[in-house]
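Okay, structure first, notes after.
For reference, positions follow the sequence shown, starting with 1.
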Amino acid sequence: DCYGTLIDWERGILAELRPWADRNGRRDLDDNTILELFGTTEAACEAETPGKLYPEILADVHRRLAQAWGIEADDGEDARFGQSVGRWPAFADSAASLQYLARYYKLVIVSNVDRASFARSNEKLGVAFDRIVTAQDVGSYKPSLRNFEYMLQRLGAGLGGVTFGKGDILHVAESLFHDHLPANRMG
């Protein structure tokens with residue numbers, strides 16, 4: 001996983017949404033309230049429109065947050081938030097840790113973003129991943145098992161001349177909802 005694990009999505013989202021909410025008279029919203037409604041709204045948008053690219057999902061989330069908080073929606077602000085992934089910071093130890101791990105392991109990303117958004121984030125991570133699987137590639141968002149099936153299929157077809165099965169994979173992630181539960185279901 002990438003977002004929440006390697007990229008600090010909470011800090012990135014709050015850096016985008018907190019000033020917007022404050023400018024629009026919603027200083028009463030604490031960080032947890034913002035992140036909780038973002039999380040449930042994002043999951044709903046991903047489930048309703050799994051074929052949309054992540055910037056479109058984020059724009060939809062922004063629009064729904066505006067509605068929920070009584071803020072007049074602005075298409076330009078929605079679109080800017082949709083493009084915000086590349087501005088989200090990496091955790092301080094992500095790049096060095098990945099560079100170390102890459103010396104001993106194959107590194108694969110399975111992420112709920114599109115390729116362009118991930119490319120902007122990957123600039124902060126400083127490592128070339130051996131395989132990248134995005135929601136754009138699969139046409140669905142985690143926690144859908146399709147994302148994990150797709151990744152397993154790609155690794156089963158080989159990576160650097162070596163094939164990998166379920167027992168060869170350690171899935172590292174922050175989200176119980178998006179990652180731990182579906183990865184455990186997949187074995």
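Contact of the N147 side chain with the V133 side chain is not registered, since no non-hydrogen atoms from C-beta on lie closer than 4.5 Å. A heavy-atom distance below 4.5 Å is not found between the side chains of I109 and Y3. The shortest side-chain heavy-atom distance between F129 and K106 does not fall under the 4.5 Å cut-off. A heavy-atom distance below 4.5 Å is found between the side chains of R185 and L145. At a threshold of 4.5 Å between non-hydrogen side-chain atoms, the residues D179 and E174 do not count as touching.
L125 contributes atom CG, which lies 10.5 Å from atom CG of L107 (distance to the nearest 0.5 angstrom). Here L29 contributes atom CG and W20 contributes atom CH2; the two are 9.0 Å apart, rounded to the nearest 0.5 Å. Interatomic distance, D8 CG to L6 CG, rounded to the nearest 0.5 Å: 11.0 Å.
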* To do: Start with the C-alpha gap between Y150 and R146, add the side-chain angles, then the distance that decides, and say whether side chain to side chain donor-acceptor pair (under 3.5 Å) holds.
  => CA-CA 6 Å; Y150 185 95; R146 288 183 57 205; over 6 Å; no
* **Steps toward side chain to side chain contact (heavy atoms under 4.5 Å, CB included) verdict (L14, L35)** => CA-CA 8 Å; L14 287 172; L35 291 172; 3.9 Å; yes
* Start with the C-alpha distance between D1 and S175, add both sets of side-chain angles, then the distance that settles side chain to side chain donor-acceptor pair (under 3.5 Å), and finish with yes or no. => CA-CA 9 Å; D1 181 55; S175 175; over 6 Å; no
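Dense packing is recorded around CD of E48, with more than 12 heavy atoms of other residues, nucleotides or ligands lying under 6.0 Å away. Within 6.0 Å of CD in Q99 there are more than 12 heavy atoms belonging to other residues, nucleotides or ligands. Atom OH of Y105 has 12 or fewer heavy atoms from other residues, nucleotides or ligands within 6.0 Å.
Scanning both residues, E42 and V61, for their nearest heavy atoms gives CA-CG2, 3.5 Å. Contact between I7 and P89 at its shortest, heavy atoms only, is CG2-O, 3.4 Å.
The pair R63-E77 fails the salt-bridge criterion, with no side-chain N (NZ, NE, NH1 or NH2) lying under 4.0 Å from an Asp/Glu carboxylate O. With salt bridges taken as basic N to acidic carboxylate O contacts below 4.0 Å, none links E123 and R87.
Remark: R26 engages D28 in a salt bridge (Lys or Arg N to Asp or Glu O under 4.0 Å) (not counting sequence neighbours).
In this pair, Y141 and Y54 present their aromatic rings tilted. The plane angle is within the 30 to 60° band.
Between the T40 side chain and the L37 main chain, a donor and an acceptor come within less than 3.5 Å of each other.
Annotation: cation-pi geometry not satisfied between R120 and F118 (NZ/CZ under 6.0 angstrom from ring centroid, within 45° of ring axis).
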